[in-house]
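One structure is given below, encoded as structure tokens.
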Amino acid sequence: MIECPSPNYNKRTDSIDMLVLHYTGMKTADEALDRMCDADAKVSAHYMIDMDGEIFKLVDESKRAWHAGIAFWRGNTDINDRSIGIELVNKGHEFGYHQFPKAQMDSLISLAKEILAKHSIPARNVVGHSDIAPTRKIDPAELFDWRRLAYEGIGVWADDALEANKSYESFKDMLAIIGYNTSSKATTVASLTAFQRHFLPNHINGQADSVTLARLKQILKLT
Ligand SMILES: [Zn+2]
């Protein structure tokens with residue numbers, strides 16, 4: 001396990017109640033590590049997990065890391081202050097998005113379980129970067145296996161058959177209750193797409209259609 005050479009991360013002022021998952025979106029793990037250990041880059045996360053499952057501990061959990069950026073979840077905007085950030089090595093959409101290997105997911109699951117055992121993080125607050133910054137970010141995106149995580153007790157997932165639903169007007173309210181930013185029309189559309197990327201990865205169309213509404217209702221019941 002390596003640690004970054006003590007950059008000046010600040011102590012938190014809030015307690016930890018969120019877990020935010022990312023992909024690195026860089027060509028190599030080394031490049032991502034260099035960037036996250038460079039205090040001047042102002043990009044960091046508490047952990048990075050390589051594709052072979054190796055876990056790098058980069059920032060102490062008691063400190064804030066710079067991973068969320070401008071973000072929103074359930075009314076909170078200072079997400080770095082209340083969250084733990086985990087970066088998964090993946091080239092991302094810019095350099096060649098690919099499956100998250102089993103060894104990487106296995107390590108993520110054991111690390112996330114340790115984190116959830118230590119801190120009071122509700123399932124609804126286990127999110128992707130795109131959930132909290134839907135207009136700017138898409139990571140960890142559609143190949144990330146949220147379903148497997150939820151089956152391991154990490155986060156929320158719904159697998160039931162989708163019921164048809166004709167009522168379209170409440171999608172914004174449902175997104176807001178789950179936690180998404182719906183402060184403007186553009187943000188709401190981005191949030192809807194982020195919701196699909198997380199909970200309907202085979203159905204990303206930005207449309208408030210019946211499939212999306214049915215899933216929104218299911219997730220709402222679980223959060
Ligand atoms: Zn990210």
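For clarity, every value in this text was computed on a predicted model and none was experimentally measured. Indexing begins at 1, ligand by ligand and atom by atom, following the structure's order.
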Review point. Any link between I204 and L213 through a network of hydrophobic side chains (Ile, Leu, Val, Met, Phe, Trp, Tyr) touching at under 4.5 Å?
Key: no
Exercise for review: Measure centre to centre between the rings of Y23 and Y97, then say whether the value is under 6.0 Å.
Suggested key: yes
Point to revise | Centroid-centroid distance, Y47 to F56, less than 6.0 Å | key: no
Practice item. Could you pull out all residues at least two apart from K27 that satisfy side-chain hydrogen bond (donor to acceptor under 3.5 Å, both in side chains)? Key: none
Review point. Near the Zn ion (ligand 1), which protein N/O/S atoms fall under 2.8 Å?
Key: H22 ND1, H129 ND1, D139 OD2
**Study point:** Of K118, R82, R12, K11, the residue whose pairing with E61 passes salt bridge (charged side-chain N to carboxylate O under 4.0 Å, His left out)
**Key:** K118
Point to revise | Minimum heavy-atom distance T212-L200, with the two atoms named | key: CA-CD1, 3.7 Å
